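So the structure is just underneath, and the comments pick up after that.
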Amino acid sequence: MNNPVPVPQFDVRALVRAELAALEAYTPIVPFEVLSERLGLPAAQIVKLDANENPYGPAPAVIEALAEYNFYHIYPDPQQTELRNALAAYVGVAAEHILPSHGADEMLDYLCRVFLQPGDAIIDCPPTFGMYSFDAQLAGAQVIEVWRRADYGVDVEAVERAVQEQPTGRVKLLFLTSPNNPSGTWLRDEELVRLLRLPVMVVLDEAYVEFAEHPSRAAWVLQHDNLVVLRTFSKAAGIAGLRLGYGVCPAWLMAELWKFKQPYNVNVAATVAGLASLRDLDYLHATVEKLKSERRRLSALLAEVSFLEPQPSEANFVLCRVVGRSAKEVKQTLERQGILVRYYNKPGLDNCIRISVGRPEQTERLMAALHEIGDLTV
Ligand SMILES: *Cc1c(COP(=O)(O)O)cnc(C)c1O
């Protein structure tokens, strides 16, 4: 028998990348089933308005297509040809410009890893979606925050200054979200045109664009080599649980992403569901219309609540400033009745809640509970 080679003492944790060791752990949301048990309410009775999910779910044709599909034992098509062709028709940009992903989140991760190395910087415009700074930090980049104005619009001049203040080429990515999460704010064409003149790659996240009163800018990638537009099936198409998103990219970036992406990043179930969603656009458009009209109704009802200041929104949620009482208590009181909303207490979102647009009957339950809270006013 050989003598075991003595292993010198060493700290195995020191092998982990420094960027990662320095990062705070991500706080995961409580799973739906766990909440349902904790509240003692069946899942079906919970009014889940905290994650901008689509309460109508996918078209019945999607469920049928998933049930009928016979090739789950076969690996997916790494090029996603059929899905890309269907997406091309839906988005109005050729398939050569479209890359499907495991949710739009995966595209964010790819973009950060394609562009960023330690020492680089990104520009983030908070308050906004948290994944941009999360992925950028994981890649070792510095996150330069350019705060939105009080109306949640992007401070275009401050973004320009922030880029100019950095050594040339250090800022690689600028993340923009339209409609923005959690504010619902639209980024205007003139603002985007101006920001596209900066020597950075602009990532325009259009996760909620189907709900907007303005058209998508996906086709702009054909004119702007420094623009990539992200879209998803999670919100409008109602399959957040299946994870399907896509990037609409200039040709040169597609070439890089093809080298970079995992061959089987999009699974077969997501592909089948995505294709079936795109075959039944009547259903998709009808659900989007229901949610848009419910957003208008919800916003008007919320404006009547004495302690809420709903912000204008072009998405399937409404951000409310809570005045004269604690947003956290409002959130907790609602939660005890099985109504879930998102609560914030951070810069730009002091004492705020974000309410996703639900079905009319969910709005009714929410409003009844809010009025009960209002009646507690002394
Ligand atoms: C929900 C959301 C996403 C994530 O989409 P997935 O396709 O589910 O990964 C991306 N961006 C914003 C702003 C979102 O709110």
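Here, residue 1 is the first one in the sequence, and each next residue gets the next number. These figures come from a predicted structure and were not determined experimentally. Atoms within a ligand are numbered from 1 in the order they appear, just like the ligands themselves.
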Could you tell me the residue and atom name of the protein heavy atom closest to [atom], and the distance to it rounded to 0.1 Å?
| atom | value |
| --- | --- |
| atom 12 (C) of ligand 1 | D205 OD2, 3.3 Å |
| atom 9 (O) of ligand 1 | R243 NH2, 2.7 Å |
| atom 15 (O) of ligand 1 | Y208 OH, 2.5 Å |
| atom 2 (C) of ligand 1 | K235 NZ, 2.5 Å |

task = Using a strict 4.0 Å threshold on nitrogen-to-oxygen distance, state whether R243 and E106 make a salt bridge.
result =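 The answer is no: the pair does not qualify as a salt bridge.
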
inquiry  = Between the side chains of R194 and E191, is the shortest nitrogen-to-carboxylate-oxygen separation below 4.0 Å, so that they form an ion pair?
reply    =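 Answer for the salt bridge query: no.
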
Output yes when the distance from some N or O of ligand 1 to some N or O of [X] is under 3.5 Å, and no in every other case.
| X | result |
| --- | --- |
| T177 | no |
| G103 | no |
| D105 | yes |
| Y132 | no |

task = For the pair Y264 and Y75, name the ring-plane relationship: parallel under 30°, tilted 30 to 60°, perpendicular over 60°.
result =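 If you compare the ring of Y264 with that of Y75, the planes turn out parallel.
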
Considering the options [options], which one meets the side chain to side chain contact (heavy atoms under 4.5 Å, CB included) requirement together with [X]?
| X | options | answer |
| --- | --- | --- |
| E314 | Y208, W186, F211 | W186 |
| K331 | V341, N345, L340 | V341 |
| L176 | V203, L192, D205 | L192 |

key: ligand 1 versus A104: contacting region, heavy-atom distance under 4.0 Å   =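 Both backbone and side chain.
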
request  = Could you please spell out the steps behind the side-chain contact (heavy atoms from CB on, under 4.5 Å) verdict for L349 and L319?
outcome  = CA-CA 9 Å; L349 296 171; L319 180 70; 3.7 Å; yes

ask   = Can you list the ligand 1 atoms lying under 4.0 Å from a non-hydrogen atom of S234?
value =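 What qualifies from ligand 1 is 6 (P), 7 (O), 8 (O).
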
